[in-house]
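Since the structure is predicted, the reported quantities are computational estimates derived from the model, not experimental observations.
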Amino acid sequence: MDIELAKQTLLARRAELTAHLHVVEDQLDEPPSKDWEDRSAERQGDEVLEALGAQELAEVRQIDAALARVEAGTYGECVKCGGEIAEARLALLPATPLCAGCAR
């Protein structure tokens, strides 16, 4: 497993998420419309943006935890059982803390 490549992948995804979170935050900070019908539609859109932002923030936290494991030298080890996480799983889910068995 190429730890440096995994680290770069995690950092790139973190930067992408952080940039999008700023966009979401800016959109949520826009003043509401004075028209009641428009405001209702905007509120529904805001709820979607809030949910998306929460998901992205959770992913950033997972990435931060994975980067901490990289620095600690434990990246690729399951945090539950201590076993090795398969390279194919890490390629698909680079921030995963669990092996396939423990993730079930």
Side-chain angles (χ1 to χ4, degrees):
M1 168 183 9
D2 186 348
I3 299 293
E4 190 57 36
L5 177 61
K7 183 177 179 179
Q8 293 308 313
T9 301
L10 290 165
L11 288 170
R13 178 66 177 151
R14 188 183 195 291
E16 179 183 322
L17 288 168
T18 302
H20 190 258
L21 281 169
H22 288 296
V23 170
V24 168
E25 186 176 309
D26 289 344
Q27 289 178 346
L28 289 172
D29 286 343
E30 290 178 1
S33 172
K34 294 185 191 248
D35 181 41
W36 283 100
E37 289 178 9
D38 288 345
R39 188 179 287 180
S40 176
E42 288 173 1
R43 184 62 198 141
Q44 287 177 339
D46 287 351
E47 290 173 359
V48 170
L49 284 174
E50 288 170 355
L52 179 62
Q55 258 183 338
E56 290 178 343
L57 188 57
E59 188 176 348
V60 167
R61 289 184 179 135
Q62 290 174 341
I63 290 170
D64 287 344
L67 290 169
R69 290 191 301 277
V70 167
E71 295 304 316
T74 59
Y75 181 79
E77 295 175 15
C78 178
V79 298
K80 190 170 182 182
C81 73
E84 186 177 336
I85 300 172
E87 285 189 40
R89 181 169 171 78
L90 288 172
L92 183 63
L93 303 166
T96 188
L98 302 172
C99 66
C102 291
R104 291 185 194 148

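The closest side-chain heavy-atom distance from I85 to L98 is not below 4.5 Å.
Note: D2 CG to K7 NZ = 12.0 Å, rounded to the nearest 0.5 Å. To the nearest 0.5 Å, atoms CD1 (I3) and CZ (R69) are separated by 11.0 Å. Interatomic distance, CG of L67 versus CD of E71, reported as 7.5 Å (0.5 Å rounding). Separation of atoms CZ (R13) and CD1 (I63) is listed at 6.5 Å; rounding is to 0.5 Å. Interatomic distance, CD of E56 versus CD of E16, reported as 8.5 Å (0.5 Å rounding). L52 CG to Q55 CD: the interatomic distance, rounded to the nearest 0.5 Å, is 6.5 Å.
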### Query
Should E4 and Q8 be marked as a side-chain hydrogen bond (donor to acceptor under 3.5 Å, both in side chains) after you check the CA-CA gap, both sets of side-chain angles, and the distance that decides it?
CA-CA 6 Å; E4 190 57 36; Q8 293 308 313; 2.9 Å; yes

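In E84, the CD atom is not crowded: 12 or fewer heavy atoms of neighbouring residues, nucleotides or ligands sit closer than 6.0 Å.
Taking every heavy atom of both residues into account, A66 and P94 meet most closely at CB-O, 4.3 Å. Contact between A6 and Y75 at its shortest, heavy atoms only, is CB-CE2, 3.6 Å.
Criterion: ILVMFWY side-chain heavy atoms under 4.5 Å apart, direct or through other members. Under it, L28 and L17 are not part of a common hydrophobic cluster. Residues L49 and L21 are members of separate hydrophobic clusters, defined by side-chain heavy-atom contacts under 4.5 angstrom among Ile, Leu, Val, Met, Phe, Trp and Tyr. Note: the hydrophobic cluster containing L90 does not contain L5 (ILVMFWY, side chain heavy atoms under 4.5 Å, direct or indirect links). A continuous path of ILVMFWY side-chain contacts below 4.5 Å connects L57 to L10, so both sit in one hydrophobic cluster.
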